[in-house]
Amino acid sequence: MSKPKVTPDFAAQNGLDPANMPRHIAIIMDGNGRWAKSRGLPRVAGHKLGVDSVRAATKTCGKLGVEVLTLYAFSTENWLRPKDEVSELMRLLSWTLKREVSELDKNNVRLRASGRLDGLPKPVQDELSRGIEKLKGNTGLILNLALNYGSRQEIVDAVNALIREGAKEVDEAAIARRLYTAEFPDPDLVIRTSGEMRLSNFLLWQAAYAELYITPVLWPDFREQQLVDAVLDYQKRHRRFGGI
Ligand code: IPE
Ligand code: IPE
Ligand code: MG
């Protein structure tokens, strides 16, 4: 994987050390519904504004020289929501993918998706494949969308793939190689907005040694400054990985 370039000015202006950037940031984008509810708006209004925060996170990660940004956009459990909300979310996803691809291209971004993608509506699958194909020659940030994603299912899928390949025994490396995220380094920093102190079935394997950052800010209000603050906090951590 080629290393994207940090925009040194941007990092320095924000008091960040370009030599200590997280390679992979993963975000649980939470709080769209509460953002809308507090304004007396329908939940989907929060999801719509959340798209602006996705754009901001992508741009900021590009400027910081982050290699991979994984965004939890729809979990395997989110199908439990009312049918209308699910279909609005799926529609928003395919529209957004269609509309944003040229902007992503200008910013040298590549696109990936993690999850049981064959369980997504056809228009979402189509826009995803189109976007991945169109952006595949870029060399900057990898934007990885976790869609119909569930970490336990991912591990089950990985083990089943190994069984099909004839494995009698598995080890950590074999499992990691079959996860949806096999091509990426493990996340260094996992951010959750809206204050919930849980992982909600997100990257349970990969986040074994990730630094966690939980902010009360709701996703539609989480923009460049909030992301910079999270990375500033990350840079103050002492990662020991079990050592001393
Ligand atoms: C996150 O916001 C978006 C998705 C899970 C798709 P929520 O919709 O979960 O917002 P809250 O948690 O109800 O506020
Ligand atoms: C996690 O948020 C899933 C996504 C952000 C896509 P949820 O809102 O679904 O999580 P819970 O239900 O509060 O755990
Ligand atoms: Mg939520």
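Indexing begins at 1, ligand by ligand and atom by atom, following the structure's order. Heavy atoms only: backbone and side chains are in, while hydrogens, waters and symmetry mates are out.
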Do any N/O atoms on Asn78 end up under 3.5 angstrom from N/O atoms on ligand 1? no
Return yes if a side-chain donor-acceptor contact under 3.5 Å exists between Tyr180 and Asp157, otherwise no. yes
Can you figure out which of Glu196, Arg192, Glu77 has its heavy atom closest to atom 2 (O) of ligand 2? Arg192
Test your reading of the structure: does Phe74 have an N or O sitting under 3.5 Å from an N or O of ligand 1? no
Can you name the atoms of ligand 2, numbered from 1 with element, that are less than 4.0 Å from a heavy atom of Tyr72? 3 (C), 4 (C), 5 (C), 6 (C)
Protein heavy atom at shortest distance from atom 13 (O) of ligand 2: Arg198 NH2, 2.8 Å
What protein heavy atom is closest to atom 5 (C) of ligand 1, reported as residue, atom name and distance in Å? Arg81 NH2, 3.4 Å
Indicate if Val159 and Tyr149 have the same hydrophobic cluster label, given that clusters are the connected sets of ILVMFWY residues with side-chain heavy-atom separations under 4.5 angstrom. no
For atom 14 (O) of ligand 2, the closest protein heavy atom turns out to be Ser200 OG, 2.6 Å
Quick one: does Gly46 get a heavy atom under 4.0 Å from ligand 1? no
Residue-level breakdown please: for Ser75 versus ligand 1, do any non-hydrogen atoms fall below 4.0 Å on the side chain, on the backbone, on both, or on neither? neither
Main-chain N/O of Val217 paired to Gln226 side chain as donor or acceptor, under 3.5 Å: no
Residue pair Glu100, Arg55: steps toward the salt bridge (charged side-chain N to carboxylate O under 4.0 Å, His left out) verdict: CA-CA 9 Å; Glu100 299 291 326; Arg55 207 179 292 117; 2.8 Å; yes
Write out the residue and atom name of the closest protein heavy atom to atom 1 (C) of ligand 1, then the distance separating them to 0.1 Å. Met29 O, 2.9 Å
State plainly whether one hydrophobic cluster holds both Tyr213 and Tyr72, where clusters connect Ile, Leu, Val, Met, Phe, Trp and Tyr through side-chain heavy atoms under 4.5 angstrom apart. no
Determine the sole option in Lys236, Arg239, Arg240 for which the salt bridge (charged side-chain N to carboxylate O under 4.0 Å, His left out) test with Glu211 is passed. Arg239
Within the 4.0 Å heavy-atom shell around Asn32, which atoms of ligand 1 are there? 1 (C), 2 (O), 3 (C), 7 (P), 10 (O), 14 (O)
Nearest protein heavy atom to atom 10 (O) of ligand 1, by residue and atom, and its distance? Gly33 N, 2.9 Å
Check all N, O or S atoms of Asp30 and name the one closest to the Mg ion (ligand 3). OD1
When Leu64 is tested against each of Leu69, Leu141, Leu16 for side chain to side chain contact (heavy atoms under 4.5 Å, CB included), which residue passes? Leu16
For Gly31, is the nearest heavy atom under 4.0 Å from an atom of ligand 1? yes
Is any N or O atom of Asp30, backbone or side chain, closer than 3.5 Å to an N or O atom of ligand 1? yes
Examine the proximity of ligand 1 to Lys37 and report which part, side chain or backbone, both or neither, has a heavy atom under 4.0 Å away. neither
Will you find, in the side chains of Asp229 and Gln225, an N or O donor that is under 3.5 Å from an N or O acceptor? yes
Test item: side-chain donor near acceptor, Asn78 and Ser75, under 3.5 Å: yes
Ranked by distance from atom 6 (C) of ligand 1, the top protein heavy atom is Ala73 O, 3.4 Å
Please check if any side-chain donor atom of Trp79 sits under 3.5 Å from a side-chain acceptor atom of Asn148, or the reverse. yes
Any side-chain donor-acceptor pair under 3.5 Å between Thr181 and Gln206? yes
If you measure from each heavy atom of Arg34 to ligand 2, is any distance below 4.0 Å? no
